[in-house]
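Below you'll find the structure, written out as structure tokens, and then a few comments.
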Amino acid sequence: MTRVTFSSRGDMLLSVDILGHAGYAEAGEDIVCAAISSAVMLTHALLFDVQKIPVDTVIEDNGAHIRITLPQGGALTRGQDALRALRLHFTELEQNYSDFLNVMEVHEDAEDQFTVFRP
């Protein structure tokens, strides 16, 4: 299962962390992994290449781990639409493939740190 965790503070998304293989099918045939990978690549291209936001990106092939963190300041605000769209996309994908994808949001300023996001 792929676990996607968005971190937020207030109404601002700070980062997205994607961990694990979906396990829908064999490598090269897994449509869930393909959808996740494509969405992450598009989001990263939008943030880094188009909007020129210097996101902090971690990519670890071993263990299938990707994390994109927005920088503080004005760039944090400029990157919100991209991360919100990614969150919406993953949440909708989760509705169809809930055995293979789990989407959560961690609120840094909440007492209950682990809150499942639902649009």
Quick one: are I36 and F90 in side-chain contact, heavy atoms under 4.5 Å?
yes
Note: M1 and L101 closest approach over all heavy atoms is CG-N, 4.0 Å
Where T2 and A22 come nearest, the two heavy atoms and their spacing
OG1-N, 3.0 Å
Any side-chain heavy atom of L14 within less than 4.5 Å of one from L70?
no
Could you tell me if the side chain of V55 sits less than 4.5 Å from the side chain of T69, heavy atoms only?
no
In this structure, would I68 and L46 fall into the same cluster of hydrophobic residues linked by side-chain contacts under 4.5 Å?
no
Pairwise side-chain contact, I31 with Y97, heavy-atom cut-off 4.5 Å (strictly under)
yes
May I ask you to test the R3-V103 pair for a side-chain heavy-atom distance under 4.5 Å?
no
Student check: side-chain heavy atoms of T91 and R87 closer than 4.5 Å:
yes
Can a side-chain donor-acceptor contact be found between D49 and H44 if the only test is distance below 3.5 angstrom?
no
Work out which heavy atom in S8 is nearest to a heavy atom in L13; give both atom names and the distance.
CB-CD2, 4.0 Å
pair L86-F6: side-chain heavy atoms closer than 4.5 Å:
yes
Do the side chain of D30 and the main chain of G23 share a donor and acceptor less than 3.5 angstrom apart?
yes
Student check: side-chain heavy atoms of T5 and V16 closer than 4.5 Å:
no
